[in-house]
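Side chains included, hydrogens not; waters and symmetry mates left out as well; all remaining heavy atoms used. Numbers restart at 1 for each chain; the letters A, B, ... are given by sequence-line order, proteins then strands. Being a predicted model, the structure only gives us computed values, none of them experimental.
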Amino acid sequence: MLKVKAGDLDKMALLYERHNRNLFGFFYKLTGSGSVSEDLVHNVFYRMLKYRYTFTEDTSGSHRFTAWMYHLARNVNADHFKKQKKVSYTDDMEPWERKLKVDENAHSQMAKSQDLELLQKAIKHLAPEKQEMLILTKYQGMKYEQVADIFGITEGAVKVRMHRVLQELREVYLKLEKV
Amino acid sequence: MSQEQLKEKWMDYMNGSITLQEWESFKSQADPAQLSELEGLEKIWLAMDELPATPEPEATMDERFYATLSEFRKEATAPRGTVNWASILEVLSWRRLALGMLIFAVGGGFGYVLSPSGEYKQEISSLSSEMKDMKEMMMLTLLEKPAVQDRLRAVSLSSELPEADSRVIEALVQTLNSDENVNVRMVTVEALARFGRYPEVRQALVSSISRQSSPMVQIALAEAMVALNEKGAVEALKGLLEKDDLNDIVRQKVQQSIEVLT
């Protein structure tokens, strides 16, 4: 990224190829929509190019770029979330549409599918910051140390928060199950 | 082992920081009552693996990125107005130069003889005015579209207009103040700054400062104010500094802009 900052924009293509799928996965888990996630990935890379001069050198190596990238991604997600709130909340049906294409006639499959639907709903009930932390840890395979860098907190604080997030997720899930 | 220590070890195991064997060994020392809560959480954690997998993004995502990158590349490599004549003359021999000049002279002669009549020139001017109207109309239509790409295109079309009438300015100002997409608002700041010679545009940019909540747009506006040397923006920029939730980078940028303008 330092080379990009210095004017070697071709290096941005390398960074894009290396990180775009992960970033897409991050947004997809948050939004449940492929097209929205594509837009948000584009926004992140647009901001990286536009604000490349704000990237600062750090001795901690490659993690620094990932932390910066997810920092921008969280801002993009916050903007998106605000916008969604203004427009009114709508549950994106895209992932369920995809699932409908699969043959799921069996009862057990249906029950499982309902459980997973509940779980997905429960995740959406969490505050955006909690969802982000959960996704970074669970699906992006990040260590607590990296998550701590992105959130600007200590590793210990990440563990405590993650534990609370899981407790809250379980409580919400159980509540939804009773409804 | 305390409940807290056990929770921490479980969190480490979930994150792959300790192995299954290590976790099993910690577990064996724990009270079964202590483990019951963790088992519930583990179920949720494992169930998350079953959620629909992330699909592959469409190819258009890559296309959009590379188009954006190429725009930035163009901007970065745009000539700065200096021409290295020495290197040009090095490449061209005197024969080539002479031939080039001869062709230029012959072309000039033909151009003079075949220059269009007054009527023809009038037709061209009326055609270009129609083209301008069409571009303007297209821009105004695209600004209303729901797709972000369309609205971005609309704003970039405004840069092709040599002059902006009140309709165009009004539409751009409205986009700046109410478009939900940050990218669209950012390019609109740039587009409006190009028409900074109009006092109403400067006024609109100044009054938009307090309306924007996105740090990116706030920075773009501060930069535009400096580029236009709009001293009337100082008060609005100071007002921005009073916001408690202002982003640190934005705060720095706004302070710099105020220093330049005062």
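- Look at E71(B) and K50(A) and you find no salt bridge, because none of the NZ, NE, NH1 or NH2 atoms lies under 4.0 Å from a carboxylate O.
- Counting only distance, with no hydrogens or angles, the side chain of E38(A) and the backbone of P57(B) share no donor-acceptor pair below 3.5 Å.
- Within the 4.5 Å cutoff, side-chain heavy atoms of E37(B) are placed close to those of Q167(A).
- Contacts between Y173(A) and chain B at a heavy-atom distance below 4.5 Å involve the side chain alone, from C-beta outward.
- When side chains are defined from C-beta on, L166(A) counts as touching W10(B), because their heavy atoms get closer than 4.5 Å.
- When all heavy atoms are compared, the tightest approach of Q120(A) to P52(B) is OE1-CD, 3.9 Å.
- Looking at N43(A) and V182(B), their side chains never come closer than 4.5 Å, going by heavy atoms from C-beta outward.
- Other residues, nucleotides and ligands place more than 12 heavy atoms under 6.0 Å from the CD atom of E155(A).
- You'll find the side chain of M162(A) reaches within 4.5 Å of the side chain of M11(B), heavy atoms only.
- The candidate from N181(B), T68(B), V148(B), L38(B) with the greatest count of non-hydrogen atom pairs under 4.5 Å with chain A is T68(B).
- With chain A as partner, the option from E58(B), K7(B), M61(B) having the largest number of non-hydrogen pairs under 4.5 angstrom is M61(B).
- Open room surrounds CZ on R153(B); 12 or fewer heavy atoms of other groups in view lie less than 6.0 Å from it.
- Looking only at side-chain heavy atoms (C-beta outward), R21(A) and E56(B) come within less than 4.5 Å of each other.
- Heavy-atom neighbours of K145(B) NZ from other residues, nucleotides or ligands within 6.0 Å: at or below the threshold of 12.
- Annotation for A53(B) and Y28(A): closest pair O-CE2, 4.1 Å, computed over non-hydrogen atoms.
- For CD of Q256(B), the number of neighbouring non-hydrogen atoms (other residues, nucleotides, ligands) closer than 6.0 Å is greater than 12.
- Looking at D62(B), the atoms closer than 4.5 Å to chain A (heavy atoms on both sides) sit in the backbone and in the side chain alike.
- In this structure, M48(A) CE and L69(B) CG are separated by 12.0 Å, a value rounded to the nearest 0.5 Å.
- Within 6.0 Å of the CD atom in E24(B), the count of heavy atoms belonging to other residues, nucleotides or ligands exceeds 12.
- Open room surrounds CZ on R164(A); 12 or fewer heavy atoms of other groups in view lie less than 6.0 Å from it.
- Side-chain contact between L116(A) and M48(B): absent, with no pair of heavy atoms (C-beta onward) separated by less than 4.5 Å.
- Of the listed residues V76(A), L134(A), V160(A), the one with more heavy-atom pairs under 4.5 angstrom with chain B than any other is L134(A).
- F45(A) touches chain B through its side chain: at least one heavy atom from C-beta onward sits under 4.5 Å away, while N, CA, C and O do not.
- Within the 3.5 Å criterion, the main-chain N or O of D12(B) finds no donor-acceptor partner in the side chain of K159(A).
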Please determine whether side-chain contact (heavy atoms from CB on, under 4.5 Å) holds for the pair L51(B) and I123(A), giving the CA-CA distance in whole Å, both sets of side-chain angles, and the decisive distance to 0.1 Å. CA-CA 11 Å; L51(B) 288 177; I123(A) 294 174; 3.7 Å; yes
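- Within the 4.5 angstrom heavy-atom criterion, atoms from both the backbone and the side chain of H163(A) approach chain B.
- Classified by interplanar angle (parallel below 30°, tilted 30° to 60°, perpendicular above 60°), the ring pair Y16(A)/F65(B) is parallel.
- With a 4.5 Å cut-off on non-hydrogen atoms, D39(A) touches chain B through its backbone and its side chain both.
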Could you please spell out the steps behind the side-chain contact (heavy atoms from CB on, under 4.5 Å) verdict for Y46(A) and M186(B)? CA-CA 11 Å; Y46(A) 179 85; M186(B) 272 169 54; 3.8 Å; yes
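- In this structure, N15(B) contributes its side chain and M142(A) its backbone to a donor-acceptor pair below 3.5 Å.
- Atom OH of Y144(A) is separated from atom CD of E8(B) by 9.5 Å, given to the nearest 0.5 angstrom.
- Looking only at side-chain heavy atoms (C-beta outward), S214(B) and D79(A) come within less than 4.5 Å of each other.
- Y51(A) places a side-chain heavy atom less than 4.5 Å from the side chain of I219(B).
- To the nearest 0.5 Å, atom CZ of residue F26(A) and atom OG1 of residue T54(B) are 12.0 Å apart.
- Listed options H42(A), R47(A), E17(A), K143(A) were ranked by heavy-atom pairs under 4.5 angstrom with chain B; first place goes to H42(A).
- The part of L72(A) that comes within reach of chain B is its side chain, from C-beta onward, which places non-hydrogen atoms under 4.5 angstrom from that chain.
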